[in-house]
Amino acid sequence: MKSLLIIVLLAGALFITSCQSAGYDPEPAGNANAAITSRYDIVTRSATNARGDTLTMAFDKAAGIAMFILKSDTIWLEADATASGVRYSNDRYRYTEHHGVLRLTKDGQPLFEHKR
């Protein structure tokens, strides 16, 4: 059920942001499903920490946004440029992934950590 919710929320956000871009074509040429699949690269996954908390993640690499669900909180973050690893953040939250360690912090305080 959470996966369906993630997909629906992410698809809605993508629809809203893509309609506002200058080059939007509401009827792509050729196969519409192929156009949607090639335009969006959405990756979903989850991780469980030592306390048993599960962090569900959905990354849209094309749009540079990610959605995280931890307990009952849904967090939207934007991609940050890094030399190595992965980093998404907003004004309060930061998600980093580097050398197999996932971290989600809020105002600098750790909320979630998982080591692969």
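Note that the structure is predicted; figures quoted are calculated from it, not measured.
- For Ser89, the side chain to side chain contact (heavy atoms under 4.5 Å, CB included) criterion is met by Asp80, Arg94, not counting sequence neighbours.
- Under the side chain to side chain donor-acceptor pair (under 3.5 Å) criterion, Glu78 pairs with no residue at all, not counting sequence neighbours.
- Residues that satisfy the side chain to side chain contact (heavy atoms under 4.5 Å, CB included) test with Ala79, not counting sequence neighbours, are Tyr88.
- Between Pro110 and Arg103 the shortest side-chain heavy-atom distance does not fall below 4.5 Å.
- To the nearest 0.5 Å, atoms CG (Leu55) and CG (Leu70) are separated by 5.5 Å.
- Under the ring-ring contact (aromatic ring centres under 6.0 Å, His included) criterion, Phe68 pairs with Phe59, Tyr95, not counting sequence neighbours.
- Legend: residues meeting side chain to side chain contact (heavy atoms under 4.5 Å, CB included) with Arg116, ordered by chain and number and at least two apart, are Arg45, Glu97, Leu102, His114.
- Qualifying side chain to side chain donor-acceptor pair (under 3.5 Å) partners for Asp107, counting only residues two or more places apart in sequence or in other chains: Arg92.
- Partners of Ser46 according to the side chain to side chain contact (heavy atoms under 4.5 Å, CB included) rule, which considers only residues two or more places apart in sequence or in another chain, are Thr54, Thr56.
- Considering only heavy atoms from C-beta on, Asn90 stays 4.5 Å or farther from Trp76 through its side chain.
- Interatomic distance, Lys106 NZ to Ile75 CD1, rounded to the nearest 0.5 Å: 8.0 Å.
- Taking each heavy atom of Arg87 and Ala81 in turn, the nearest pair found is NH2-O, 3.5 Å.
- Val86 and Leu104 fall within the same hydrophobic cluster, defined by Ile, Leu, Val, Met, Phe, Trp and Tyr side-chain heavy atoms under 4.5 Å apart, directly or through other members.
- In this view, Asp53 and Arg51 satisfy the side chain to side chain donor-acceptor pair (under 3.5 Å) rule, not counting sequence neighbours.
- Residue Asp91 holds its CG atom at 10.0 Å from CG of Leu77, rounded to the nearest 0.5 Å.
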